[in-house]
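One structure is given below, encoded as structure tokens.
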Amino acid sequence: MSRFRSAARPMMGFAAAGAVVAALLAPTAAAVAVPSVSIEVLSGRADTVTGGDALISITGNIQEHSRITAAGVDVTDAFIGTSKELIGLVEGLPLGESELAVVAKSGKEQGSIELVNHPIEGPVFSGPQHPMYCTAAGAPWFLGDVDENCQVEQAKVTYRYRTTDGRFADYPTDGSVPANLVETTTSTGETVPYVVRIERGTINRAVYETAILHQPGEPEPTPVQPTRGWNGKLAYTFGGACGVGYWQGSSTGGVENDMLLSRGYAIASATFNVYAQNCNDVTSAETAMMVKEHVIEKFGPVTYTIGSGGSAGTMQQLLLANNYPGIIDGVLGEIGYPDERSTTIGGHDCRGLLNYWNSPAGAGWTDAQKLAVAGHATTFTCVGFTFFDGVDDPNRGCSAAIPVADRWSPSNPDGLRCTIADMVKNVYGVDDQGRGLRIEPDNVGVQYGLEALNDGVISIDQFIALNENVGGMDVDGNRTVERSEASVEAIEQAYATGRINLMTGGLAFTPVIEIRPYTDPFGDFHERYRSAIIRERMLNAYGNADTHVNWTSPNVGAISGAMRVQALEQLELWLDNIEAAGGPSDRARTVAARSAGLGDGCFGADGAFIPEELDYDDETSTCNELYPYHSQPRAVAGLPLSADVMKCQLAEPVRGDYPAMSDDQWVRLGAVFADGVCDWSKRSQGYTDLIGTWLDFSGPEPVSLND
């Protein structure tokens with residue numbers, strides 16, 4: 001078993017277990033050798049304990065007269081179990097390092113483990129915290145007063161139930177049982193009333209939610225006495241979009257999920273796991289780790305954890321699985337992207353193109369010509385994609401929760417700058433002004449519309465004029481005549497720490513089932529092309545994509561809903577097979593555990609599945625004919641399918657590479673690209689390999705907690 005996931009195990013009842021522990025601790029006259037024992041933190045990693053408590057397992061030949069101490073305090077009474085295993089929730093751990101030990105009556109230590117405890121408000125590994133505007137006390141949470149860290153003193157528990165007409169409703173507080181309450185049969189075959197215990201509180205300055213099947217009046221769930229109907233598994237949900245997270249948020253990834261709850265899953269999420277409120281995968285990972293720790297301490301060890309969420313919810317799953325493996329054990333993604341930084345480039349490109357086309361200089365372009373340059377299915381796709389441009393603009397990126405007086409402006413230079421680079425400066429570093437270094441935008445050398453030019457869709461004059469006028473954006477979000485430049489230092493940090501997700505960390509052995517209702521024709525920037533990018537990065541990393549499965553369906557609720565359920569069932573089976581083989585450990589075990597027949601494909605208009613390998617370039621593919629691929633402006637400019645070049649290396653333009661042009665046109669082109677044009681055959685400027693997983697950003701340089 002890994003240190004951050006444990007198989008659920010049967011427990012003795014309290015009375016019987018208490019009697020066993022009493023017998024274990026009874027004095028004995030027998031003189032025996034003192035064997036060693038094994039100590040495991042079930043609730044997480046030993047070096048990332050939070051909130052002063054940890055669920056501990058002690059196994060081995062436990063001496064009858066042993067006692068257990070934590071930070072020098074006797075905590076033996078917290079443990080119950082058998083002579084072969086004791087489990088206990090140890091509370092009151094001091095901040096920082098302390099030792100938990102099993103000590104024989106003779107005083108000889110049988111075993112010990114070092115624990116490192118962190119504050120419940122964080123941070124653990126995300127580094128110094130930025131300002132936070134609290135929302136837990138008000139709507140929609142109403143959790144009561146908050147302290148200076150936006151934490152509430154006590155969590156609140158409410159109950160909901162599933163009705164006969166297929167909705168969730170508030171469970172009565174008067175002790176009555178609703179007449180329209182239904183039952184559910186879980187994945188383990190147990191039939192229970194469909195009543196859901198929902199807990200809300202604060203962890204890591206975020207508001208969290210948990211949900212689990214549990215009926216009022218039954219014993220409260222504990223780590224050693226799980227609630228009826230729980231299948232021992234956890235689903236962690238993530239939310240989409242992208243926003244600057246200086247506020248606590250108003251939603252989580254959602255825990256009232258019938259598909260998951262009806263099968264017996266516990267569900268958890270937090271406001272920092274919704275990218276619209278916190279577009280920072282490091283604090284998302286940290287929060288998910290801490291909330292999962294709380295779930296295990298409350299309900300007991302989990303067999304495995306499935307991630308769930310669409311769009312940037314998938315993006316988070318892939319980043320967490322790669323950079324902090326073990327928080328989630330399987331990715332259930334939908335309409336997703338590989339990461340945030342390399343994806344949002346498209347928004348900046350679209351902003352520049354639209355600014356030109358909407359100007360007098362850009363008049364006269366047809367929609368067909370614009371599409372040939374943008375690569376999308378419709379002209380509206382670029383309009384929607386400019387949403388991402390605002391997350392790097394201090395004038396547009398702030399949440400309404402942040403008072404205007406506190407925001408940066410030219411007249412308030414000390415105000416909060418609502419950009420991703422400034423919010424995540426612990427990761428990327430700062431310039432000499434203390435500003436976060438920019439990974440994007442950078443469009444130096446990008447030849448917008450190159451493919452459209454070579455295909456004869458646009459003229460040389462249009463191509464040159466477009467590239468003369470596309471411009472860029474300065475550090476304050478203002479449009480500029482000059483093109484944008486990013487920091488090579490920041491780009492190097494992005495590759496080294498896994499922010500550009502090349503899938504060479506935990507995704508080596510994490511199973512991924514990624515589904516996509518097809519929305520390209522509707523101007524949606526969740527194009528099918530994004531799945532091809534994920535696949536290409538898998539192929540580049542391993543030579544195969546045996547841990548990745550992709551399905552596409554029509555954008556029809558009944559068919560896409562059935563696809564979602566089938567994807568969950570297949571991921572469950574995959575993870576069950578991994579668990580039966582000994583748990584996640586390496587790529588070979590994950591690939592071997594993949595069910596025979598589980599592969600790529602698409603669903604037709606009739607809902608029938610068409611098995612077919614995902615191949616972006618296969619023009620004869622049935623799935624590609626049903627659901628054609630599109631791309632993005634930078635791909636039309638030559639960006640490779642992996643879409644992982646943040647700042648291209650430059651080369652001198654070669655006149656013979658272009659359609660015939662006049663000397664004057666050649667001079668104009670040379671002026672636009674005075675430093676050269678993108679050489680897409682080479683790696684990005686700043687490229688470097690991933691330095692490790694479980695990186696800690698508390699110090700001047702990121703270090704791996706695994707070292």
Side-chain angles (χ1 to χ4, degrees), residues 1-9 11-12 17-18 20-28 30-120 124-125 222-224 289-290 292-294 296-298 300-302 326 583 585 694 696 698 703-707:
M1 287 179 290
S2 73
R3 287 185 295 174
F4 200 60
R5 47 156 308 282
S6 302
R9 61 201 74 194
M11 293 292 142
M12 303 180 68
V20 170
V21 172
L24 289 173
L25 301 177
T28 175
V32 294
V34 180
S36 62
V37 297
S38 177
I39 305 173
E40 181 184 4
V41 182
L42 298 177
S43 48
R45 293 171 57 110
D47 54 1
T48 61
V49 173
T50 66
D53 45 26
L55 188 64
I56 305 292
S57 166
I58 301 171
T59 56
N61 191 1
I62 304 167
Q63 293 278 285
E64 292 184 359
H65 46 291
S66 295
R67 60 191 178 92
I68 306 163
T69 63
V73 177
D74 193 316
V75 293
T76 309
D77 289 345
F79 286 80
I80 64 175
T82 72
S83 60
K84 295 298 182 184
E85 179 176 28
L86 298 176
I87 289 184
L89 181 62
V90 176
E91 301 177 292
L93 294 169
L95 289 176
E97 297 179 3
S98 62
E99 184 182 71
L100 185 139
V102 180
V103 184
K105 184 180 180 182
S106 65
K108 184 173 182 180
E109 193 174 274
Q110 289 186 262
S112 66
I113 189 171
E114 183 181 273
L115 306 175
V116 184
N117 177 45
H118 306 262
I120 193 64
V124 180
F125 52 72
T222 73
V224 293
M289 179 200 73
M290 295 171 72
K292 179 176 175 177
E293 175 190 33
H294 173 73
I296 294 171
E297 291 168 353
K298 193 78 176 180
V302 301
S585 62
W694 282 90
D696 183 350
S698 300
V703 296
S704 175
L705 295 174
N706 294 327
D707 294 340

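S38 contributes atom OG, which lies 10.0 Å from atom CD of E85 (distance to the nearest 0.5 angstrom). Of the inter-residue distances, the one linking I62 atom CD1 with Q110 atom CD reads 8.0 Å to the nearest 0.5 angstrom. Put simply, CH2 on W694 and CG on D707 are 14.0 Å apart, with the number rounded to the nearest 0.5 Å. Separation of atoms CD (E293) and CZ (R45) is listed at 12.5 Å; rounding is to 0.5 Å. In this structure, OG on S57 lies 8.5 Å from CZ on F79, to the nearest 0.5 angstrom. Residue L89 holds its CG atom at 9.5 Å from OG1 of T222, rounded to the nearest 0.5 Å.
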Go through it in stages, so that I can follow the logic: the residues are V124 and T50, the test is side-chain contact (heavy atoms from CB on, under 4.5 Å), and I'd like the CA-CA distance, side-chain angles, deciding distance and then a yes or no. CA-CA 8 Å; V124 180; T50 66; 3.5 Å; yes
Using the rule given for side-chain contact (heavy atoms from CB on, under 4.5 Å), can you reason through E99 versus E109, listing the C-alpha separation, both sets of side-chain angles and the distance that settles it, and then say yes or no? CA-CA 12 Å; E99 184 182 71; E109 193 174 274; 3.5 Å; yes
Yes or no on side-chain contact (heavy atoms from CB on, under 4.5 Å) for M289 and T48, after CA distance, side-chain angles and deciding distance? CA-CA 9 Å; M289 179 200 73; T48 61; 3.5 Å; yes
Could you walk me through whether I56 and L100 pass the side-chain contact (heavy atoms from CB on, under 4.5 Å) test, one step at a time? CA-CA 9 Å; I56 305 292; L100 185 139; 4.0 Å; yes
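In this structure, the side chains of I80 and I87 stay at 4.5 Å or more apart for every pair of heavy atoms.
The two residues T76 and I68 come nearest to each other via the heavy atoms OG1-N, 2.9 Å. Between A70 and V90, the shortest heavy-atom distance links the atoms CB-CG1, 3.8 Å. Nearest heavy atoms, L93 versus V49: CD1-CG1, 4.1 Å. Minimum heavy-atom separation, A71 to S98: CB-CB, 3.8 Å. In terms of heavy atoms, I296 sits closest to P223 at O-CB, 4.1 Å. Closest approach of I120 and M290 over heavy atoms only: O-CE, 3.3 Å.
Not one N or O on the side chain of D74 forms a donor-acceptor pair closer than 3.5 Å with the backbone of T69.
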